[in-house]
Amino acid sequence: MAADPTVVGSRSDSDRETTTALPELETVAWRPRVDAARLDRQDALWTLTTVAHVVPFLAAAAVLVWLEPLLVPVALLCLVHAWVIPALYAQRGANVVRPRPPGPAGPERVSVGLLGDLIGHEARALHVRTGLVLEPGRLGTWIVGEAGALLVRPGRRRRVECWCVQVREPELPAGDRIAHLLLALRADETGFATVANLAFSGAPWRVRARMRRAQRPALAAARAAARATAGRRYPGSAPSSRRIRRSIASDDA
């Protein structure tokens, strides 16, 4: 994923206007550009899909027990199916930020250093701890990983959206892969969400349970940032760093 380097420098102002579109948009020209309203519709569709998968198994379990108590083992299997299906979707969502096996130490170390030049001190510290980068945007707070990003939106901190994005050069070190996605996100946030594939949309606790333990503070920080910006006029503005640090500390506890 690439972007014009003249518009993807360090993020110095949350109100910076996008002046270019990602070239990858041409490959998904049939997709409408993502905005907050479209995200709301996608979230509603995910909820309806989950309900459509889960409710029939719950209903079947109840009917089986009502008809014949001896069918309790079969009813329990129905309940297991009702639990496993959303869990599989959540696992797919968590996989978008799962780190890949590290490459040679030298290139990996250099890529992390270059990535550090693109982000602020607190984001750099969080990356050291979690391997993920926290990035505020107009749609919400992003957590950028090697193969995608999580999005927690203001006013919807009880839901996380997991976006899968493919980097053109899969052999790149981890820091370079994250930097590619971060620069694309800064250049054209809605274009980034349009190109990306939505792998999961649902409860943060489902995704958190399937993330590596070291990565979980990043999700806590994103939810704290979404809560802090929910009442702001400009959602992309920087959230309270003190509140984010408290959330990270409570997640570690």
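Of all the heavy atoms in Ala218 and Leu134, the pair that sits closest is O-CD1, 4.2 Å. Considering every non-hydrogen atom in both Ala87 and Arg210, the closest pair reads CB-NH2, 3.1 Å. Across Phe57 and Ala82, no two heavy atoms sit closer than the pair CB-CB, 3.9 Å. The shortest non-hydrogen separation linking Thr141 to Ala225 is OG1-CB, 3.4 Å. The nearest pair of heavy atoms linking Gly145 to Leu132 is CA-CD2, 3.7 Å. Scanning all heavy atoms of the two residues, the minimum distance from Cys78 to Ala60 falls at SG-CB, 4.1 Å.
Taking the six-membered ring where tryptophan is involved, the planes of Trp46 and Tyr89 are perpendicular, since the angle between them exceeds 60° and thus also 30°.
Around the CZ atom of Arg33, the shell of radius 6.0 Å holds more than 12 heavy atoms that belong to other residues, nucleotides or ligands.
For the pair Arg177 (side chain) and Ala147 (backbone), a donor-acceptor distance under 3.5 Å is absent. Between the side chain of Arg208 and the main chain of Arg216, no donor-acceptor pair closer than 3.5 Å is present. Here the side chain of Glu161 pairs no donor or acceptor atom with the backbone of Leu198 at under 3.5 angstrom. Although no hydrogens or angles enter the test, the distance criterion places a donor-acceptor pair under 3.5 Å between the side chain of Thr194 and the main chain of Val34. The backbone N or O of Ala125 lies less than 3.5 Å from no partner atom in the side chain of Arg129, so there is not a single donor-acceptor pair. Here the side chain of His127 pairs no donor or acceptor atom with the backbone of Ala123 at under 3.5 angstrom. The backbone N or O of Leu182 lies less than 3.5 Å from no partner atom in the side chain of Glu135, so there is not a single donor-acceptor pair.
Leu77 and Leu71 are not part of a single hydrophobic cluster, where members link through side-chain heavy atoms under 4.5 Å apart. At a threshold of 4.5 Å between side-chain heavy atoms, the hydrophobic network of Ile, Leu, Val, Met, Phe, Trp and Tyr places Leu79 and Ile85 in two separate groups. Taking hydrophobic clusters as Ile, Leu, Val, Met, Phe, Trp and Tyr residues chained together by side-chain heavy-atom distances below 4.5 Å, Leu114 does not share a cluster with Ile178. Hydrophobic clustering keeps Val112 apart from Ile143 (ILVMFWY residues linked when any side-chain heavy atoms are closer than 4.5 Å, directly or through intermediates).
You'll find the side chain of Gln215 reaches within 4.5 Å of the side chain of Pro99, heavy atoms only. Residues Pro204 and Val152 have side chains not in contact (no heavy-atom distance under 4.5 Å, counting atoms from C-beta outward). Residues Trp163 and Val96 are not in side-chain contact: their nearest non-hydrogen atoms beyond the backbone lie 4.5 Å or more apart. Counting only heavy atoms from C-beta outward, the side chains of Leu39 and Gln42 approach each other to under 4.5 Å. Side-chain contact between Ile119 and Leu126 is absent, with no heavy atoms from C-beta onward closer than 4.5 Å. Contact check for Leu88 versus His53: no side-chain heavy atoms found under the 4.5 Å cut-off. For the pair Arg186 and Leu118, the minimum side-chain heavy-atom distance is below 4.5 Å. Counting only heavy atoms from C-beta outward, the side chains of Gln91 and Arg98 approach each other to under 4.5 Å.
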*Report the C-alpha separation of Leu185 and Leu181 in whole Å, then their side-chain angles, then the decisive distance to 0.1 Å, and conclude whether the side-chain contact (heavy atoms from CB on, under 4.5 Å) test is met.*
CA-CA 6 Å; Leu185 178 61; Leu181 298 184; over 6 Å; no

Val195/Asp188 under side-chain contact (heavy atoms from CB on, under 4.5 Å): CA gap, chis, key distance, verdict:
CA-CA 10 Å; Val195 171; Asp188 185 1; over 6 Å; no

Exercise for review: Evaluate the side-chain contact (heavy atoms from CB on, under 4.5 Å) criterion for residues Asp40 and Arg153: first the C-alpha distance (whole Å), next the side-chain angles of each, then the deciding distance (0.1 Å), finally the verdict.
Suggested key: CA-CA 10 Å; Asp40 289 341; Arg153 294 195 286 150; 2.8 Å; yes

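With rounding to the nearest 0.5 Å, the separation of CG in Asp176 from CG in Leu183 is 10.0 Å. Cys162 contributes atom SG, which lies 12.5 Å from atom CZ of Arg206 (distance to the nearest 0.5 angstrom). In this structure, Thr190 OG1 and Leu25 CG are separated by 8.0 Å, a value rounded to the nearest 0.5 Å. Going from atom CZ of Arg100 over to atom CD of Glu146 covers 6.5 Å, rounded to the nearest 0.5 Å. Of the inter-residue distances, the one linking Arg212 atom CZ with Thr130 atom OG1 reads 12.5 Å to the nearest 0.5 angstrom. Interatomic distance, Arg159 CZ to Phe200 CZ, rounded to the nearest 0.5 Å: 8.0 Å.
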